[in-house]
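Written below as structure tokens is the structure these notes are about.
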There are 2 protein chains.
Amino acid sequence: MTDPSPTVLIVEDERAIRRFLRPALEGEGYRVLEADDQRSGLGMASSHTPDLIILDLGLPDRDGLELIRAVREWSSMPIIIVSARGQDADKVKALDLGADDYLTKPFSVQELLARVRAALRRSAAVRDAADGSPVFAVGSLTIDLAKRRVTLAAEPVTLTPLEFKLLAELAKHPGRVLTHKALLDAVWGPSRSKEPHLVRVHMANLRRKLEADTTRPRYLLTEPTVGYRLADA
Amino acid sequence: MTDPSPTVLIVEDERAIRRFLRPALEGEGYRVLEADDQRSGLGMASSHTPDLIILDLGLPDRDGLELIRAVREWSSMPIIIVSARGQDADKVKALDLGADDYLTKPFSVQELLARVRAALRRSAAVRDAADGSPVFAVGSLTIDLAKRRVTLAAEPVTLTPLEFKLLAELAKHPGRVLTHKALLDAVWGPSRSKEPHLVRVHMANLRRKLEADTTRPRYLLTEPTVGYRLADA
DNA sequence: CGGCGCCTTGACGCCGTCTTGACGCTCCGG
DNA sequence: CCGGAGCGTCAAGACGGCGTCAAGGCGCCG
């Protein structure tokens, strides 16, 4: 839900500039990635999917604009341009290609950081509105982690806090077997990691609410001597 | 359905600048509104709900910043600042208050237009994801964040400032669970984020005004040990 | 200066939830 | 055939969150 430290990708050929941008960004609590040309920048953008890109348009291969276009093919992550070129035409072109902001060198670090904050704030709003809540669904069971809602055959099911936490933990790894210890650690904390009985009791309660026949579970499957698994098909 | 021509509100005291901004914007196909001070600007923003605001920070009453803050109380519409003052501190303050962009005079019209396009493009993405309606409605309850009004079965309900702020926070994320901490942060500020009792008391007061049966709430739902949720269906 | 409304703070009782323990079942190996 | 281990069920009790009420303080407006 909350991303504790957003990731910022810097695409910049001048090492000097990278060397003073990185600490400034890290000082704000961001994780920082670096690339020194367009190709590797695009690669890192797609492999790491950062939360924001700071892009120097004065790249040696000369077509940072191409990076904007390429990223925009599949993502709407914020892109802030920094460039030595301050011509109107350059700015207009970059912005119209999909860049979110444009600063001309030399620029103030404080201003850049403020614009980074503004851009991240906006994109967080988008994520919010999108409500792209990862809903897990098997059979007639749906689990919405973000909205904290569980429905069975389109009927809402009321779960106790602990029941939901337990079910959510299973839903985060659909189809995978979670050991007793893993569940205890995640739901109760490490102190209780030696009491599998806790899991059994609450699993029974969950089954009573979710399963038609508790003796032959459809969703909450027991993996004897190992743990439990949420059916994913 | 979609208004083909977005509305732009210009808040600017210098008539000369308005006189050259208006035709430029209209030339791009936008509808244009004008205000010449903060007060009327805020009024037009709430009555016409434009798609974007261009705000001159050098207003005579000197606190255009206040306009940003006031608008951000209830809307996330894009705000682009134009200002004669180019100090870092000014930019940082405006951006952190919620402004989307900041240009210093003199600026190029082409650049301004490009930044307007970029801002509108982004907010279109937001509206895409969420429904852009500023009024929230469930059952016989309606909440108008912009007008600051709440009605129940078409009857206006009078709420205290704090009650409204609390309800508004819930209405901004209908159906989602807001944790005690989230509500405390948003309504009381981070300093009180460890006093869930505050939320309970005021939630009880809200229920007394909004719910037919406070023991079985229709709108303000409790999520035990987690927080509260505003019903969205 | 007085009154009123609003927010805070504290106390209290209720009710749901979690834990704990006991018991019977099944499966499997000795 | 017997015995143990793992699992599911049930009930009882303790715990703590939640809602409610009332008192107190503060600011605002008349």
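Throughout, a chain's letter reflects where its sequence line sits, starting with A, and its residues are numbered from 1.
Put simply, the side chain of Glu211(B) gets close to the backbone of Leu220(B): a donor and an acceptor are under 3.5 Å apart.
Two residues, Glu163(B) and Arg192(A), neighbour DNA chain C, and the one matched to the more 5' nucleotide by heavy-atom proximity is Glu163(B).
In this structure, Leu206(B) places its CG atom 12 Å from P of dG19(D), rounding to the nearest Å. Computed from coordinates, the Leu198(B) CG to dC6(C) P distance equals 17 Å when rounded to whole Å. In this structure, Asp213(A) places its CG atom 14 Å from C1' of dT9(D), rounding to the nearest Å. Look at CG on Leu220(A): it is 15 Å from P on dC7(D), rounded to the nearest Å. Taking atom CG of residue Asn205(B) and atom P of nucleotide dC7(C), one finds them 8 Å apart after rounding to whole Å. Between Glu223(A) atom CD and dG6(D) atom C1' there is a gap of 14 Å when expressed in whole angstrom units. Atom CG in Leu159(B) sits roughly 14 Å away from atom C1' in dG5(C) (whole-Å rounding). Whole-Å rounding puts the His202(A) NE2 to dG8(D) P distance at 14 Å.
Under the 4.0 Å criterion applied to side-chain N and carboxylate O atoms, Arg149(A) and Asp232(B) are assigned as salt-bridge partners. A salt bridge does not link Asp144(A) with Arg148(A): every distance from a Lys NZ or Arg NE/NH1/NH2 to an Asp or Glu carboxylate oxygen is 4.0 Å or more.
Residue Pro161(A) has its side chain nearest to dT17(C) when only dC7(C), dT17(C), dG17(D) are considered. The side chain of His197(B) sits closest to dT20(D) out of dT8(C), dT20(D), dG6(D). Taking every side-chain heavy atom of Val201(B) into account, dG10(C) is the closest of dG19(D), dG8(D), dG10(C).
Between Arg200(B) and dG17(D) there is no side-chain N or O to OP1 or OP2 distance below 4.0 Å. Within the structure, every side-chain polar atom (N or O) of Thr160(A) is placed at least 4.0 Å from both OP1 and OP2 of dG16(C). Applying the 4.0 Å criterion to OP1 and OP2 of dG17(D), one finds that His180(B) has every side-chain N and O outside that range. Here Tyr228(B) does not reach the OP1 or OP2 of dG17(D): none of its side-chain N or O atoms lies under 4.0 Å away. Contact check, Arg208(A) against dC10(D): a side-chain N or O comes under 4.0 Å of OP1 or OP2. Checking the phosphate oxygens (OP1, OP2) of dT8(C), a side-chain nitrogen or oxygen of Trp188(B) falls inside 4.0 Å.
Rounding to the nearest 0.5 Å places NE2 of His180(A) at 13.0 Å from CG of Asp185(A).
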Worked check of side-chain contact (heavy atoms from CB on, under 4.5 Å) between Leu170(A) and Arg229(A): CA-CA 7 Å; Leu170(A) 288 167; Arg229(A) 176 165 63 94; 5.9 Å; no
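Residue contacts for Thr214(A): at a heavy-atom cut-off of 4.0 Å it reaches the sugar-phosphate backbone alone, with no base atom in range.
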